[in-house]
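Have a look at the structure below, then the notes.
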2 protein chains.
Amino acid sequence: METRCENCIVRKFNSLRAMNKEELKQVSDNKVYKKFKKGEALFEEGEKLNGVYCVRNGVSKLSKLSANGKDQIVKLATTGEVMGQRAVIVEEPTNLSAIAVNDVEVCFVPKEIIVGTMHKNPDFTLEVLRHMAHDLKEADDVIVNMSQKTVKQRVAEAFMYLKNNYGVDEEGFLNLTLSREDIANVVGTATESCIRIISEFKKKELLKTSGKRVAIVKEKELQDLIDGF
Amino acid sequence: METRCENCIVRKFNSLRAMNKEELKQVSDNKVYKKFKKGEALFEEGEKLNGVYCVRNGVSKLSKLSANGKDQIVKLATTGEVMGQRAVIVEEPTNLSAIAVNDVEVCFVPKEIIVGTMHKNPDFTLEVLRHMAHDLKEADDVIVNMSQKTVKQRVAEAFMYLKNNYGVDEEGFLNLTLSREDIANVVGTATESCIRIISEFKKKELLKTSGKRVAIVKEKELQDLIDGF
DNA sequence: AACAAAACCTGACAAATATCATGTTTTTCC
DNA sequence: GGAAAAACATGATATTTGTCAGGTTTTGTT
C-alpha cells in the first residue's frame, strides 16, 4: 500500500493536486488511514467533522434523512473524491451522512491542514472552488430531473449513470451493484415502485438481472426513454 | 446613485467584502451599471459569461429549461447576491438563465478582474468558496424536498420562503409577488396544480389573496403542514 | 445444511398529480 | 376606456405513484 500522498495516484483526481510538495508532506504526515466495511457509516448527518475524507477505494453514499423517515441519496462518492469539504469550509455540522456502499478505504486529513493550506495557497483554494462549482452544477441538474422527469425516467437514468461512471463486467453487469432500496433512494421514490419499474424494464428487455445484479441490454432504447421519446 | 464599490452597501453581503481597497478600486473602475426591466433576460442558459452580475436592486429568477419545455426555477437572486460566479470559475457556458422578476439593477464586473483577484487574494477566493458551499447545501436541501415532500408542502414552503426572505407590506401581503406559473416552476409542478392548492389554502384560510398578491394568514398551521403534521 | 433475516417481488387499491377543456378575471397597451 | 392578451380559476378525467399486505427468493450465520 502506497502510504505517501506525494506518490498517491488518487490525489491526481481531486483538489489535492494543487498542493505543493511541502503541503503534501504535511498532509502525508498527519493523515490517518481508515477502513470501513460495507454498510458502516463514515460520518452521520449533524456530526461535526474534524477533517476531510479522501477516498482511496470503494464507494460511499451521501444521504440526508427526510422528515418522513426516508433517506435521500444526494451523491455517490468514489475513489479520488474528497468528502466533508463543504462542512469543513463553512465550519458547520455536516448536512449529509456517508455510508459505505461496499468496503471503503479512506485517508482522513485533519481540517487544520486543509484550512491552513487554503489561507496560504490560492491555487489550492481555487481548485477546491472548481470542484465545488462542479458539484453545484450537478446538484442543479438533479433538481431539474427530480421535478421534471418521471420516476421511470429517473430510474433509467440511474442505471445509465452507474454504467457510465463505474462500468460493466465481462458479462455486461454493472460493476457497482446497489440494492433496490438504494436505487429508490437515489431516484427519490418508493422501493416498491422502483422494483416494479425494474420488472417492467426486464419485460421490455431493456435490462436483465441476475440476483441484484443488473445489466443494460438495450442502451439506446433506455436513453430514448430518458430523453422522453 | 452611489457609484464607487468602496462605498457600496450591497458589497457587504457578498464575497466582494473580502477584497482590499486596491482590488475594489479596480472593480469600481471596470464595472458597468446595467438595468433590466421585469421579464427581461440578464443572460440565458448556454451563454458564455464574460463576467459576474452583482445585484444592486431587484430580484431575478435563475432557471433551467427541461426537456419537456418547462422552466425549473432553481434559485432566486436578490440584492447583494452575485450571479454567474459558477460559470466564470469553471470557464463553462452558464447552466442557468437569469430573468428579471421585477426591475433589476446590477453591476457587471468583467471576469478578468474576478479571476485575477482569486489568484492573488486567498481570502477573497475563500469567501467565494464559502458562498458556493452555502449554495450547495441549499441545493441539497432542495433535492430532498423535491423528492420527499408533497406538492402541497412545497407550495406552502415557497410562501414561507418568500415571507422570510422578502417580508410583507403593511397589509401583510408578500413583498415579492410571483405569478402562479413562477411559483409552480419553483415548486416543480403544473401551474393548474399550483393554483388549485392556493385555492385550497384560501378556503382553509391559511392564505388570503388580492389579485396575484398573497398573504399568509395562519403561519403556524402552514408551517405544521410543511413539517407533516 | 438449516434457519433467520433481509431483500426482492407482485397484486389490489388509494391518493396525488397531470392534463385537457373551458370559462372568468386581471393586466396591458393602444 | 375598451379590446386583446395574459393570468387565474375550476371541473372532469387520466395517469402516475404510493401504500399496504402478502408472498418468494436470496443472503448470511451458526
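As a whole-Å value, the separation of B:Asn185 CG from D:dA7 P is 12 Å. Straight-line distance from the CD1 atom of A:Ile195 to the P atom of D:dG23: 17 Å, rounded to whole Å.
OP1 and OP2 of D:dA6 both lie 4.0 Å or more from every side-chain N or O belonging to B:Lys212.
Aromatic rings of B:Phe43 and B:Tyr53 (six-membered ring for Trp) have centroids within the 6.0 Å cut-off, being under it.
Applying the 3.5 Å distance criterion, the base of D:dG18 shares no donor-acceptor pair with the side chain of A:Arg196. In the interface, the side chain of A:Arg180 is not paired with the base of D:dT26 through any donor and acceptor atom under 3.5 Å apart.
Between B:Arg86 and A:Asp140, none of the side-chain N atoms (NZ, or NE/NH1/NH2) sits under 4.0 Å from a carboxylate O, so this pair counts as no salt bridge. Between B:Glu200 and B:Lys204 a salt bridge is recorded (basic side-chain N to carboxylate O distance below 4.0 Å). Electrostatic pairing of B:Asp182 and B:Lys61 counts as a salt bridge here, judged by a charged N lying under 4.0 Å from a carboxylate O. For the pair A:Arg180 and A:Glu192, the salt-bridge criterion is not met [side-chain N within less than 4.0 Å of a carboxylate O]. Using a cutoff of 4.0 Å between basic side-chain nitrogens and carboxylate oxygens, B:Lys64 and A:Asp141 are scored as salt-bridged.
Residues B:Ser210 and A:Ser199 each lie close to DNA chain C; by heavy-atom proximity, the contact nearer the 5' end of the strand is made by A:Ser199.
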Worked check of side chain to side chain donor-acceptor pair (under 3.5 Å) between A:Lys202 and A:Thr209: CA-CA 8 Å; A:Lys202 279 200 295 190; A:Thr209 64; 3.2 Å; yes
Grab the N/O contacts between the protein and nucleotides 13-17 of chain C below 3.5 Å, and write none if there aren't any.
unit_1	atom_1	unit_2	atom_2	d
C:dT17	OP1	B:Val151	N	3.0

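Rotation axes derived from the C1' atoms of the five outermost pairs at either end of the helix from C:dA1-D:dT30 to C:dC30-D:dG1 lie 60° apart, to the nearest 10°.
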